[in-house]
Amino acid sequence: PVLSVFSLAGGVGKTSLVAGMGRGLAARGERVMLTDTCSFGVLPFYFGAREIKPGVVRTFSGGTSDPPIRVLTLDAERYEADPDLLHREMMRGTQDVSRVLVDVATASAPMLRQALRLSPLVLVPMVPDMASVVTLQALEGFFRNQEGLSGKPVQAWYVLNQFDPSSPLQLDVREVLRQQLGERLLPFAVHRSPAVSEALAEGMTAIDYAPQSPVAEDIMGLVTWIRNTSVAVSGGHRGLRWSER
């Protein structure tokens with residue numbers, strides 16, 4: 001199973017969610033590969049990486065009974081010239097992997113098309129501001145233009161990220177989005193938390209850095225949603241740093 005995480009706008013927390021969901025899936029016993037399609041993306045740094053290695057499948061372990069996580073970073077400059085890049089490169093590291101999450105480079109239509117050939121399932125993080133409301137129709141139209149690439153319509157789901165329930169404006173934005181998207185807006189949001197950026201500074205995900213925090217619970221809620229939405233192929237984390245092996 002392949003899940004693409006995509007956004008037309010930067011700064012919505014897409015990569016931190018991919019890292020957190022990957023970590024949460026591993027905590028549930030799944031063998032996961034995360035694919036970073038931004039040449040200079042920070043996805044490996046959530047697992048203790050110290051440098052970027054485009055084109056390399058890397059394995060990270062936390063020294064627990066949880067399965068290791070594989071991370072592949074791709075060279076974005078090759079997307080247009082090589083329409084089969086994603087499929088071919090992913091096959092090198094997925095022999096015994098049960099699920100793949102793809103961090104699609106922001107607003108990259110070529111990479112999204114490649115991901116949709118593997119699976120029509122897309123998760124779209126949105127921040128709860130008026131820009132998300134204004135651009136929603138353009139985003140929906142963008143997805144309609146991609147239909148048929150996998151032989152199936154695009155299955156786009158939305159989740160609010162960096163949500164502050166004490167903000168009346170954000171509550172209003174959530175209600176407007178719910179009216180427009182219906183059940184495709186997930187019924188829970190991911191709370192805004194300093195633990196996310198603090199965790200990255202320590203080379204960790206929020207699940208490892210602050211496992212009892214609301215944001216860690218929210219990410220695990222996303223993990224449950226993923227596992228309920230698509231079946232995979234066949235405890236205490238605080239202070240745990242992962243490392244490359």
Side-chain angles (χ1 to χ4, degrees), residues 1-10 12-15 17-18 21-22 24-25 30 32-38 72 74 76 79-80 82-91 94 97-128 131-161 173-190 219 221-234:
V2 178
L3 170 67
S4 300
V5 183
F6 175 79
S7 174
L8 284 179
V12 300
K14 175 169 55 68
T15 300
L17 287 181
V18 171
M21 290 186 295
L25 287 164
E30 293 195 17
V32 184
M33 186 167 84
L34 310 180
T35 303
D36 189 349
T37 65
C38 181
L72 167 65
L74 296 181
Y79 298 164
E80 292 280 8
D82 189 349
D84 294 319
L85 173 68
L86 181 62
H87 178 268
R88 189 179 63 255
E89 292 295 312
M90 277 177 31
M91 290 304 101
T94 57
V97 166
S98 58
R99 192 184 303 274
V100 177
L101 304 184
V102 182
D103 183 358
V104 180
T106 300
S108 175
M111 183 48 64
L112 180 63
R113 293 189 189 103
Q114 294 199 27
L116 291 176
R117 292 191 185 101
L118 303 174
S119 169
L121 187 61
V122 182
L123 179 65
V124 184
M126 305 182 79
V127 291
S132 296
V133 175
V134 171
T135 60
L136 179 60
Q137 293 306 313
L139 185 56
E140 290 277 85
F142 179 82
F143 286 134
R144 284 193 294 272
N145 290 334
Q146 314 306 316
E147 288 186 0
L149 293 177
S150 65
K152 300 178 182 179
V154 176
Q155 300 174 30
W157 297 82
Y158 295 77
V159 62
L160 281 180
N161 193 25
V173 168
R174 182 176 65 175
E175 184 57 31
V176 171
L177 292 174
R178 181 182 290 119
Q179 292 175 6
Q180 297 189 40
L181 292 169
E183 65 178 10
R184 291 193 297 127
L185 178 67
L186 298 189
F188 55 88
V190 180
I219 293 171
L222 268 176
V223 168
T224 299
W225 173 79
I226 293 171
R227 287 165 60 85
N228 289 338
T229 301
S230 95
V231 178
V233 176
S234 130

May I ask you to decide if [Y]'s main-chain N or O and [X]'s side chain share a donor-acceptor pair within less than 3.5 Å?
X: Gln114; Y: Asp82; value: yes
X: Arg117; Y: Asp84; value: no
X: Ser132; Y: Pro128; value: no

Under 6.0 Å from the CD atom of Glu175, do we count more than 12 heavy atoms belonging to anything else shown?
yes
Distance check, rounded to the nearest 0.5 Å: [X] atom [atom1] versus [Y] atom [atom2]?
X: Leu222; Y: Asn161; atom1: CG; atom2: CG; value: 8.5 Å
X: Asp36; Y: Leu74; atom1: CG; atom2: CG; value: 8.0 Å
X: Leu3; Y: Thr35; atom1: CG; atom2: OG1; value: 11.0 Å
X: Cys38; Y: Lys14; atom1: SG; atom2: NZ; value: 7.5 Å
X: Leu181; Y: Glu140; atom1: CG; atom2: CD; value: 5.5 Å

Side-chain heavy atoms of [X] within contact of [Y], under 4.5 Å:
X: Val231; Y: Pro1; result: no
X: Leu139; Y: Phe6; result: yes
X: Gln180; Y: Val133; result: yes
X: Asp103; Y: Leu34; result: no
X: Leu186; Y: Leu123; result: yes
X: Leu118; Y: Met90; result: yes
X: Met111; Y: Ser4; result: no
X: Leu177; Y: Tyr158; result: no

For Val190 and Leu17: C-alpha separation, side-chain torsions, deciding distance, then whether side chain to side chain contact (heavy atoms under 4.5 Å, CB included) applies.
CA-CA 9 Å; Val190 180; Leu17 287 181; 4.2 Å; yes
Shortest non-hydrogen contact from [X] toward [Y]:
X: Glu30; Y: Ser98; answer: CB-OG, 3.5 Å
X: Leu185; Y: Arg174; answer: CD2-O, 3.8 Å
X: Val154; Y: Phe143; answer: CG2-O, 3.7 Å

Dump the intermediate steps for side chain to side chain contact (heavy atoms under 4.5 Å, CB included) on Val12 and Val124, then the final yes or no.
CA-CA 9 Å; Val12 300; Val124 184; over 6 Å; no
Could you please spell out the steps behind the side chain to side chain contact (heavy atoms under 4.5 Å, CB included) verdict for Val173 and Met126?
CA-CA 11 Å; Val173 168; Met126 305 182 79; over 6 Å; no
Intermediate values then yes/no, side chain to side chain contact (heavy atoms under 4.5 Å, CB included), Leu101 and Leu25:
CA-CA 10 Å; Leu101 304 184; Leu25 287 164; 4.1 Å; yes
